[in-house]
2 protein chains.
Amino acid sequence: MSLHDGSVPRPKSANGRTGRPPVTSRAQILAAARQLIDRDGWEKLTVRRLAAELGIGPTTLYHHVRDKEDLLLLLLNEYVGQVPPPELPSDPAERIVVSATTMHDALSAWPWALEILTVDGFLGRLDDSARWIVELVLAAAVDAGCTPEQAVHVFRSIWYYTAGEILVRAHSAHVRGDDGQPLDRTLLANLKATQLPHLASVANKWSVLAAEDNYEPALRAFVTGLLAQPGR
Amino acid sequence: MSLHDGSVPRPKSANGRTGRPPVTSRAQILAAARQLIDRDGWEKLTVRRLAAELGIGPTTLYHHVRDKEDLLLLLLNEYVGQVPPPELPSDPAERIVVSATTMHDALSAWPWALEILTVDGFLGRLDDSARWIVELVLAAAVDAGCTPEQAVHVFRSIWYYTAGEILVRAHSAHVRGDDGQPLDRTLLANLKATQLPHLASVANKWSVLAAEDNYEPALRAFVTGLLAQPGR
DNA sequence: ACCTGAACACCGTTCAAGT
DNA sequence: ACCTGAACACCGTTCAAGT
């Protein structure tokens, strides 16, 4: 790497700055990206569309962000950094629940953010503005009697549950059978009731049950179970 | 839809069958797809590569599978259907743990299969050969005293945890910092220790802890917590 | 310093024509 | 009945040339 700041000769211009004037900025790009996602959905965010949105050439973007992954990471840090911290209860176990729920709700509202987190190994790519949520969970776990190492395991377990819930639910949201029927019908239709009796007994209400939000009660059960583990 | 079976006039040929002879088959396509994934990795499975592998034109594939999603689903059902059923213990709670672990281990070995499951709303798209794993968990939960409805919630919670664990770990596996350093360094480097003390205290061993397999103990804690929930 | 169009190396899928 | 090449409508990214 031989690049270092200020090594490039700069042609002076009238206004004291140098070179061709910018037609956009990183801030503008991020704002446009967010607008595009909110309007057309996450899967429509492509480098080319984003450029078109801004009225610039696709290649111009590469002067403001390293690549698409970099863009997504910037977007994510910005978003998580703006999540307001929750009111924390004094009971440590309940504090874990509230902290995790805050994380969950923030990411549920922006499920695409979670896809970035999953793909990128998440923690290492966030900056401090986003990592405070992790800190909350760790602190509460330590308060509940965990060693720092155990607290990390508690956090990870909760993170897996939370990430799975959001990802699966986000993707299942509007899935229908081939014919547009809700899945119950399909489920029932080709089910050998004699071989799978329990599945058969709930097949006709599966999609109703699957639509119910059970995140928090199950999370509470998980936290209780984790904190009650032997060997601590 | 005006298509119905046998409505197309068929030119007879010498061997008693009709039309141009096939150069491949669905079974051959699935076998080649699996080989391609095992050899080059899941992300290299594209319609065009798969066709090249088989020595046929990309468009020929569309006579044997509806589209790429259909191909993945066929692949997945085949795989899950071949998973051997586990030895089940008599204790219902432990039976949930063993059943879920079987599901987990099978999908861990084939993480790309899980991506399909997540994307496609999973359950409704599987056939009976794959759904027996769900049945095992439901049956065990009912044996443990759950109503069928509660059993579905138990299954879903466990599924979220399992799916999250596999997805996050599969994607985090080989993530390094920009400079190829393990993430601990990056984590430590830009960490404001005074603001995030608990995170700071584990930063240097984070990646070691994150590499530890904690699936089963945490699952057991989860199951214990779920079955101990009030209001049942 | 910043922007641009052309180009590269890909995708999944459709469709008319051939055997 | 099955196969084919050409074509469509896209991707992310690089690079030499322009202002």
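Naming: A, B, ... by sequence-line order, numbering from 1 per chain.
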Ile158(B)/Val154(B) under side-chain contact (heavy atoms from CB on, under 4.5 Å): CA gap, chis, key distance, verdict: CA-CA 6 Å; Ile158(B) 292 174; Val154(B) 167; 3.8 Å; yes

Pull out every protein N or O sitting under 3.5 Å from an N or O of nucleotides 3-9 of chain C, one pair per line with the distance.
from   : atom 1 : to       : atom 2 : distance (Å)
dC3(C) : OP1    : Val23(A) : N      : 2.3
dC3(C) : OP1    : Thr24(A) : N      : 3.3
dC3(C) : OP2    : His64(A) : NE2    : 3.4
dC3(C) : N4     : His63(A) : NE2    : 3.3
dT4(C) : OP2    : Gly57(A) : N      : 3.4
dT4(C) : OP2    : Thr60(A) : OG1    : 2.8
dG5(C) : O6     : Thr59(A) : OG1    : 2.8

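- With P as the reference atom, dC10(D) and dA9(C) are 22 Å apart, rounded to whole Å.
- Across every strand in view, dT19(C) sits in a pair with dA1(D) that passes the Watson-Crick or G-U test at under 3.5 angstrom.
- No side-chain donor from either of His104(A) and Glu216(A) sits under 3.5 Å from a side-chain acceptor of the other.
- Distances shown here put every side-chain N or O of Arg49(B) at or beyond 4.0 Å from the OP1 or OP2 atom of dC10(C).
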Pair Tyr62(A), Val47(A) - check side-chain contact (heavy atoms from CB on, under 4.5 Å), show working. CA-CA 9 Å; Tyr62(A) 287 85; Val47(A) 173; 3.9 Å; yes

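- Taking atom CG of Leu50(B) as the reference point, atom P of dG12(C) lies 10 Å away to the nearest angstrom.
- One interatomic measurement links the two molecules: CG of Asp70(B) to C1' of dT13(C), which rounds to 14 Å at whole-angstrom precision.
- Counting only N and O atoms by type, the side chains of Ser157(A) and Tyr215(B) include no donor and acceptor under 3.5 Å apart.
- At a threshold of 4.5 Å between non-hydrogen side-chain atoms, the residues Met103(B) and Trp159(B) count as touching.
- Under the Watson-Crick and G-U wobble criteria, each requiring two contacts below 3.5 Å, nucleotide dC11(D) is left unpaired.
- Using cut-offs of 30° and 60° on the angle between ring planes, the pair Phe222(B) and Tyr161(A) is perpendicular.
- Taking atom OH on Tyr62(B) and atom C1' on dA1(D), their separation rounds to 20 Å, with Å as the unit.
- Looking at residues 28-45 of chain B, you'll see that no heavy atom sits under 4.0 Å from any atom of DNA chain C.
- Considering Leu209(B), Asn214(B), Leu199(B) as possible partners of Val152(A), the one that fulfils the side chain to side chain contact (heavy atoms under 4.5 Å, CB included) test is Leu209(B).
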side-chain contact (heavy atoms from CB on, under 4.5 Å) assessment of His153(B) paired with Glu212(A): CA-CA 9 Å; His153(B) 282 136; Glu212(A) 287 176 21; 3.0 Å; yes

